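Working notes, structure below.
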Amino acid sequence: TTSPPNSWAAVGKANATEKTINIAAAKFAPRKFILLNAYEERLDPELPRADKNAVNRLHERIKREKVCNDYHIRGTCEAGKYCDYAHGERLSPSEQLALRHKARARSCPSRSACRHFDCTFGHVCPYGEDCQFEQCYFRELHNIDE
């Protein structure tokens, strides 16, 4: 048996009747980045507004079962079968956006020092300097320069 040709010259010499050459540009994954201010404190990029119907559908599902943020936002859960939250049927893109908003309402344990590209938590207070909550999860981060 002969092995198939492995160079363009060999392919060109072969007696094949049809040759297909793909010259399309290679698709690269988008580069991941983290926004930092001048003091190297992490900032969160602004999210688009969530669709009200998607928010309602998400809340209805959460009433039945609490969903895993990592699984539904990042696409993977490190805890796997030991995770306390529901994986199940994937959320729609609009429901994922609603879940991103909900997840950002909790502060990251690493606060503004977080350098995890896919962190689902919030790194700045959603209410900024105007926050009036005494028990705000972000109280240590209220003075971050955005």
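Since the structure is predicted, the reported quantities are computational estimates derived from the model, not experimental observations.
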Residue pair Cys77 / Asp70: nearest heavy atoms and the distance that separates them: CA-CB, 4.4 Å

Pairing residues for Tyr39 by the ring-ring contact (aromatic ring centres under 6.0 Å, His included) criterion, not counting sequence neighbours: none

Residues that Arg61 engages under side-chain hydrogen bond (donor to acceptor under 3.5 Å, both in side chains), provided they are two or more places apart: Glu65

Heavy-atom side-chain proximity of His116 to Cys108 below 4.5 angstrom: no

Separation of Asp130 CG from His142 NE2 (nearest 0.5 Å): 10.0 Å

Rounded distance (nearest 0.5 Å) linking atom CZ of Phe121 with atom CG of Asp44: 12.0 Å

Between SG on residue Cys131 and CZ on residue Arg139, distance to nearest 0.5 Å: 10.0 Å

Within residues 110-121 or reaching into it, pairs that qualify as salt bridge (Lys or Arg N to Asp or Glu O under 4.0 Å) - sequence neighbours excluded: Lys32-Asp118, Arg111-Glu140

Using residues 86-103 as the side-chain source, report each donor-acceptor pair under 3.5 Å to any protein atom, sequence neighbours left out, with the distance given to one decimal.
unit_1: Arg90; atom_1: NH1; unit_2: Tyr71; atom_2: O; d: 2.9
unit_1: Ser92; atom_1: OG; unit_2: Ser94; atom_2: OG; d: 3.2
unit_1: Ser92; atom_1: OG; unit_2: Glu95; atom_2: N; d: 3.2
unit_1: Ser92; atom_1: OG; unit_2: Glu95; atom_2: OE1; d: 3.3
unit_1: Ser94; atom_1: OG; unit_2: Arg57; atom_2: NH2; d: 3.3
unit_1: Glu95; atom_1: OE1; unit_2: Ser92; atom_2: N; d: 2.9
unit_1: Glu95; atom_1: OE2; unit_2: Arg57; atom_2: NE; d: 3.0
unit_1: Gln96; atom_1: NE2; unit_2: Leu91; atom_2: O; d: 3.2
unit_1: His101; atom_1: NE2; unit_2: Pro48; atom_2: O; d: 2.8

Euclidean distance, Asn69 CG relative to Thr120 OG1, rounded to 0.5 Å: 5.0 Å

Same apolar cluster: Ile73 and Phe117, side chain cutoff 4.5 Å: no

Hydrophobic cluster of Leu141, others only, ordered by chain and residue number, side-chain cut-off 4.5 Å: Phe33, Leu35, Leu43, Val124, Tyr137, Phe138, Ile144

Contacts of Asn37 that satisfy side-chain hydrogen bond (donor to acceptor under 3.5 Å, both in side chains) - sequence neighbours left out: Glu41

